[in-house]
> 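Dropping a structure here in structure tokens format, bear with me for questions.
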Amino acid sequence: MVFFRYAPLEIICWSIITCRKIYLMDLRSESSCARCPFKSKAAAVLSEEELYMLGKACVEVSVNRGDAFFRQGTPSGHVVYLKEGLARIHKKGPRNRDQILKIACSGTYLGIQTILGDVVNQYSASALTRAVACYIRVREFRWLIQKNGDFANELIDYICREELSHFNRLVSHWQKQLTGRLAETLLYFAEEIFRAREYPMLLTRQELASMVGGTRESVSRAMKEFVDSGIIGMNKKEIRILKPELIKKLANSG
DNA sequence: GCATTAACCACAG
DNA sequence: CTGTGGTTAATGC
């Protein structure tokens with residue numbers, strides 16, 4: 001929007017309204033990825049023609065909080081692009097207990113791991129907020145990867161960063177105790193997801209526990225300790241980081 | 001031994 | 001769904 005910096009207010013308003021109109025039109029007609037304002041970093045390097053093709057291979061849906069994008073154990077024929085909203089990635093373990101593996105932000109792909117390997121989803125993804133998602137057929141998605149090196153490069157970039165952060169999570173899960181893992185997770189929400197000191201806790205205690213790898217009781221107690229020592233503030237579902245330095249120390253030392 | 005950590009259970013808002 | 005209290009098993013000093 002740099003070129004609007006010196007434009008008169010009318011033009012700015014007009015532009016915003018027009019953009020929104022185009023956007024709404026796109027929602028009704030077939031998905032037009034070319035004009036999508038929420039394009040992924042990878043899709044940004046596609047040509048007009050390729051974007052057209054992507055649009056043809058893609059269906060946009062909006063879902064409510066709690067709805068599943070796809071479920072573990074069911075066949076996967078799509079890659080899901082999370083256009084708006086937040087999602088949780090979770091997987092059932094041997095004891096049939098659901099573990100949250102990570103929170104996915106808007107602008108990321110869900111389920112790219114299954115495009116080359118298994119045709120059955122190895123994990124589930126569901127919406128944490130109201131969300132908009134594009135379901136892209138795997139066949140076309142793969143074709144784009146084969147055809148456009150820049151696109152493939154962006155995706156690999158993304159996958160690598162993800163894997164590194166998984167490594168980090170894994171190690172801290174092994175080496176830190178509950179308090180440290182919880183501190184880390186609360187910080188993760190503040191820094192990575194919401195980029196704010198205050199944010200709504202979208203997970204139930206049960207879910208939060210399944211994310212840090214503990215029981216809801218232990219998480220409850222630890223949260224209470226944080227509040228009592230003034231590290232965080234909590235009213236209802238709102239979390240506020242009061243002492244960032246202290247909680248970072250806890251998160252790092254475990 | 002004793003302290004700490006965290007799971008499990010039960011019960012009540 | 002959440003918080004609390006009691007109990008218990010494992011681990012560390």
Side-chain angles (χ1 to χ4, degrees), chain A residues 62-74 82 84-106 110 121-133 165-194 196-254:
Chain A
S62 46
V63 301
N64 289 318
R65 174 183 159 77
D67 290 346
F69 293 113
F70 51 82
R71 250 183 255 280
Q72 181 175 351
T74 62
L82 186 58
E84 291 173 72
L86 293 172
R88 61 184 232 275
I89 308 299
H90 47 114
K91 182 175 172 67
K92 276 209 170 95
R95 261 175 277 174
N96 221 26
R97 257 187 288 173
D98 218 29
Q99 297 264 146
I100 296 184
L101 298 170
K102 70 160 191 173
I103 306 295
C105 295
S106 61
L110 312 177
N121 286 314
Q122 299 294 300
Y123 58 86
S124 309
S126 40
L128 266 183
T129 61
R130 280 183 64 85
V132 181
S165 82
H166 285 322
F167 284 172
N168 287 333
R169 241 198 299 283
L170 209 49
V171 169
S172 76
H173 202 276
W174 278 334
Q175 300 188 356
K176 289 174 189 171
Q177 49 189 42
L178 191 92
T179 323
R181 299 201 300 270
L182 180 63
E184 189 185 54
T185 306
L186 294 177
L187 218 48
Y188 167 74
F189 274 106
E191 289 179 346
E192 314 277 319
I193 312 287
F194 293 103
R197 275 190 185 183
E198 194 175 4
Y199 59 86
M201 173 45 67
L202 300 172
L203 304 176
T204 64
R205 289 284 186 274
Q206 180 67 259
E207 289 170 327
L208 188 58
S210 87
M211 191 172 170
V212 301
T215 60
R216 73 183 174 77
E217 295 99 318
S218 304
V219 167
S220 258
R221 274 189 253 267
M223 293 271 275
K224 190 176 177 291
E225 275 170 28
F226 286 169
V227 173
D228 287 346
S229 50
I231 297 172
I232 64 168
M234 191 166 50
N235 55 337
K236 295 267 178 184
K237 290 277 184 180
E238 288 288 316
I239 302 283
R240 183 196 286 266
I241 309 285
L242 294 174
K243 293 180 183 164
E245 300 311 318
L246 218 56
I247 200 170
K248 269 177 205 168
K249 208 175 158 190
L250 277 173
N252 291 328
S253 65

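Just the heavy atoms: all of them, side chains too, but no hydrogens, waters or symmetry mates, feed the values below. In what follows, chains carry the letters A, B, and so on, assigned in the order in which the sequence lines appear, proteins first and then strands, with residues in each chain numbered from 1.
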> Check the distance between C/dC1's C1' and A/Glu207's CD and give it to me in whole angstrom.
11 Å

> Could you tell me whether the side chain of A/Ile241 reaches within less than 4.5 Å of the side chain of A/Phe189, counting heavy atoms only?
no

> Stepwise, does the side chain to side chain contact (heavy atoms under 4.5 Å, CB included) test hold for A/Phe226 with A/Arg221?
CA-CA 9 Å; A/Phe226 286 169; A/Arg221 274 189 253 267; over 6 Å; no

> Less than 6.0 angstrom from the centroid, inside 45 degrees of the normal: does A/Arg169 satisfy that with respect to the ring of A/Tyr188?
yes

> Starting from P on C/dC1, measure out to NZ on A/Lys236 and report it in whole angstrom.
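From A/Lys236 NZ to C/dC1 P: 17 Å.
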
> Report each atom pair, protein N/O against N/O of nucleotides 11-13 of chain C, whose distance is under 3.5 angstrom.
none

> Got a sec, which residues hit salt bridge (Lys or Arg N to Asp or Glu O under 4.0 Å) with A/Lys237, two or more places apart in sequence or on another chain?
none

> For residues A/Cys105 and A/Glu192, report the shortest heavy-atom separation together with the two atoms involved.
SG-O, 4.3 Å

> Round to a whole Å and report the spacing from NZ of A/Lys224 to P of B/dT5.
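So the two atoms are 16 Å apart, to the nearest Å.
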
> What contact category does A/Lys237 fall into here, base, sugar-phosphate, or nothing, at under 4.0 angstrom with non-hydrogen atoms?
sugar-phosphate

> Any side-chain heavy atom of A/Arg205 within less than 4.5 Å of one from A/Met223?
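Sidechains of A/Met223 and A/Arg205: in contact.
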
> From CE of A/Met201 over to C1' of C/dT2, roughly how many Å is that when rounded to an integer?
14 Å

> Indicate whether OP1 or OP2 belonging to B/dA6 is found under 4.0 Å from a side-chain N or O atom of A/Lys176.
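It does not, given that no N or O in the side chain of A/Lys176 lies less than 4.0 Å from OP1 or OP2 of B/dA6.
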
> Check A/Glu191 with A/Lys248, please: is the shortest side-chain N to carboxylate O separation under 4.0 Å?
yes

> Is there a side-chain contact between A/Arg181 and A/Lys176 (heavy atoms, below 4.5 Å)?
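A side-chain contact under 4.5 Å exists here.
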
> Would you please confirm or rule out a distance under 4.0 Å between OP1 or OP2 of C/dT2 and any side-chain N or O of A/Thr204?
yes

> Could you tell me whether the side chain of A/Arg65 and the main chain of A/Leu128 form a donor-acceptor pair under 3.5 Å?
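Answer holds: yes.
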
> Scan nucleotides 7-13 of chain B nucleotide by nucleotide, 5' to 3', and note B when protein non-hydrogen atoms come under 4.0 Å of the base, S if they reach only the sugar-phosphate, - if neither.
SBBB---

> Return the value, rounded to whole Å, for the distance between atom CH2 of A/Trp174 and atom P of B/dA6.
18 Å

